2 protein chains.
Amino acid sequence: MPNGDEGQGATIYEVAQRAGVSIATVSRALRGTGPVAARTRERVLKAVEELSFTPSRLGVSLAQGRHAANGIVFPDLSGPYFAEVLLGYEEVASELGRSVLILSTRGRAAVQDLVRDLVGRVDGMVIFGRTVEDAVVAEIVRTGMPLVMLARDPVDGVDVVSSENVESAEALAAHLLGHGYTTFALAGADDQGDVTQRWTGVRRVLTGHGIRSPEPLPCEFTVEGGYAAGRTLLGGGSRPEAVICADDQVALGVILAAEELGLDVPGDVAITGWDDIMTARHARPALTTVRQPMRLLGARAAWALDELITGARTAPSCQILSTQLIVRSSCGPHPLEEK
Amino acid sequence: MPNGDEGQGATIYEVAQRAGVSIATVSRALRGTGPVAARTRERVLKAVEELSFTPSRLGVSLAQGRHAANGIVFPDLSGPYFAEVLLGYEEVASELGRSVLILSTRGRAAVQDLVRDLVGRVDGMVIFGRTVEDAVVAEIVRTGMPLVMLARDPVDGVDVVSSENVESAEALAAHLLGHGYTTFALAGADDQGDVTQRWTGVRRVLTGHGIRSPEPLPCEFTVEGGYAAGRTLLGGGSRPEAVICADDQVALGVILAAEELGLDVPGDVAITGWDDIMTARHARPALTTVRQPMRLLGARAAWALDELITGARTAPSCQILSTQLIVRSSCGPHPLEEK
DNA sequence: TTGTAGGCGTTATCAA
DNA sequence: TTGATAACGCCTACAA
């Protein structure tokens, strides 16, 4: 097809000229937004075909005042948790006709600027808890940008989608108490995020049983971070009977540290995770954890955001998705209290 | 700050008016693209501040004729492989001042349309092998859109970034032969993708040793897919001594199937994976696999794409990243041939 | 049923 | 050093 017309870059004007009509007619014919005579439409479509015309997204967006795109901000994509949530988000957003822009804040210096740039590219966005400073979030809200926050404490006037954390943490703690453990350590910490909620639940149960609530040991939410935490928690003199970890990756790291210290899991120390990532099931020992619906989390966020963008809903909503305690072998042989 | 001005939506005209200058001057002052008197600049910046003006991304893009954004198309984000690659890609793209749009083709009907839409939003894009039909790729190339393909056979005139597959597959096969295994099965198949390259390497070594090359059994590249394949391969009468899997997730599924069939891994059957995802190390038994630099793959793609976009390079390049055989326990007790 | 013309928000050229 | 003004590509009242 060696004709002079480059397939790219044809504008609506060229189409109009070729079809012998005005650009308004081309637009109408293409968008079905007004009456067009059958024969005229044919001519237009033919010209469109011949020039392989695709309306410039920029032009459309500028004229319509919308991007037909959503953003999502997360701290990191390493590890399955964020990837799964993203997958659920993209799937729904795409179904709703919106492209997805991603932004990872991991190790970024000028997060603020990056987020601002993102704001200028989308009709609405999702932000994970512990990703962007409150001040920046407030700024975004002030611009009127539809916003859904994920996995964090409620925020005034903002949509939030979270997994249930407190009650499942209580269930987890209760289960461990059923094993007879009396000394605990907590690995990982965040601020106003989902992990904080988990510790709230754990501590409530522990103190309810007269057990001193331990301070969580901060660490990165990675296997490496867990490993470092594990060395600290298990290498010292007063080793806890059980280590409750902020998530599965941390738990895997703690197990690694335990092995290296010559400790048996769960014989010498019980270890639990959170999320139920794929590895949790295949790990040795298999991880006792709390399963949260990662993909659904993303999907729900996408739907909520859509409601906000279309104006189908204006009042902020707060969704809490239910979770499930998954007992495997890393917390020890099954106690009698078995449910 | 209860003034009437909404922080959002201020245009360059309003800034200009407030500063008592023309929009051209505002633009120059902001972009440093021409001479502006110090006092004038001050006034402009003050107005910008007061109106919290941010240039409309749409306006900028339209005027500059560029999006400052890249796309990436992948089949699925479930499992660590694509997530890791994406992470590397986003990190570099973001550093280069480009936003990242993602598109998953998983289970999508109108992939073609979605990809076309993406094309209209970016300055360049990355496409994983086995994601988009060749015809569509050709169409994209024809538009002049900078394109980098990932993890697939070379394509004429298109940048490709891949991990080394053939040689490492040969090394893997040789290692298994060193164990003394003589009957094999291959789990997973694709078309012109990286898995095909792996089978090429494996078969070359096997036939070189007079061993009949098995046909790969197609399956989804997930744990579930591997499980199904495992049931088929191991449940029948003539069980192979070793199952070489297309990737780690498939291998994990095969292990699951083996366990369920009462088979010991590696006692009754050796199993190997590919990628070296986190789970490979923690699995029981730990997975013998080939490690490929997933993040680097994404990073390299982002750099290559940048060269193409900026025009720093015009000739297509083909990068092959090196991989590493990781021997763990899933292929059996270490043979004497130990390197 | 179709065409004209203004608007969306920038950038950049060319005079002044 | 500054200001008009023409692109950029499209949508959409409003007129005809």
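Letters go in sequence order (proteins before strands), and every chain restarts at 1. It should be emphasised that the depicted structure is a prediction, and the values quoted were computed from it without experimental measurement.
- One interatomic measurement links the two molecules: CD of Glu14(B) to P of dC8(C), which rounds to 10 Å at whole-angstrom precision.
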- Query: Where along nucleotides 5-16 of chain D does protein come under 4.0 Å, by heavy atom, of base (B) or sugar-phosphate alone (S), with - for untouched nucleotides?
  - Reply: B--BBBBB----

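- Between the P atom of dT1(D) and the CZ atom of Arg43(B) lies a distance of 14 Å, rounded to the nearest Å.
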- Determine, stepwise, if the pair Arg98(A) / Glu90(A) fulfils salt bridge (charged side-chain N to carboxylate O under 4.0 Å, His left out). CA-CA 9 Å; Arg98(A) 307 177 186 287; Glu90(A) 195 272 346; over 6 Å; no

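- Here Ser61(A) lies out of heavy-atom contact (under 4.0 Å) with every strand.
- Applying the salt bridge (Lys or Arg N to Asp or Glu O under 4.0 Å) test between Arg152(B) and each of Asp134(B), Asp191(B), Asp190(B) identifies Asp134(B) as the sole match.
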- Task: Please lay out, stage by stage, how Val161(B) and Asp159(B) fare under the test side chain to side chain contact (heavy atoms under 4.5 Å, CB included).
- Result: CA-CA 7 Å; Val161(B) 179; Asp159(B) 264 42; 5.9 Å; no

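- The backbone N or O of Gly88(B) lies less than 3.5 Å from no partner atom in the side chain of Glu91(B), so there is not a single donor-acceptor pair.
- Atom-to-atom, CG of Leu30(A) to P of dT2(C) comes out at 14 Å; the value is rounded to the nearest Å.
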- Query: Which is it for Lys46(A) and Glu42(A) under the salt bridge (charged side-chain N to carboxylate O under 4.0 Å, His left out) test, yes or no, and what are the steps along the way?
  - Reply: CA-CA 6 Å; Lys46(A) 183 150 167 287; Glu42(A) 251 171 50; over 6 Å; no

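- Here dT2(C) presents its P atom at 10 Å from CZ of Arg39(A), a figure rounded to the nearest Å.
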- Message: Before you tell me yes or no, could you show the steps for Phe82(B) and Val85(B) under side chain to side chain contact (heavy atoms under 4.5 Å, CB included), namely the whole-Å CA-CA distance, both residues' side-chain angles and the distance that decides it to 0.1 Å?
- Response: CA-CA 5 Å; Phe82(B) 294 109; Val85(B) 176; 5.6 Å; no

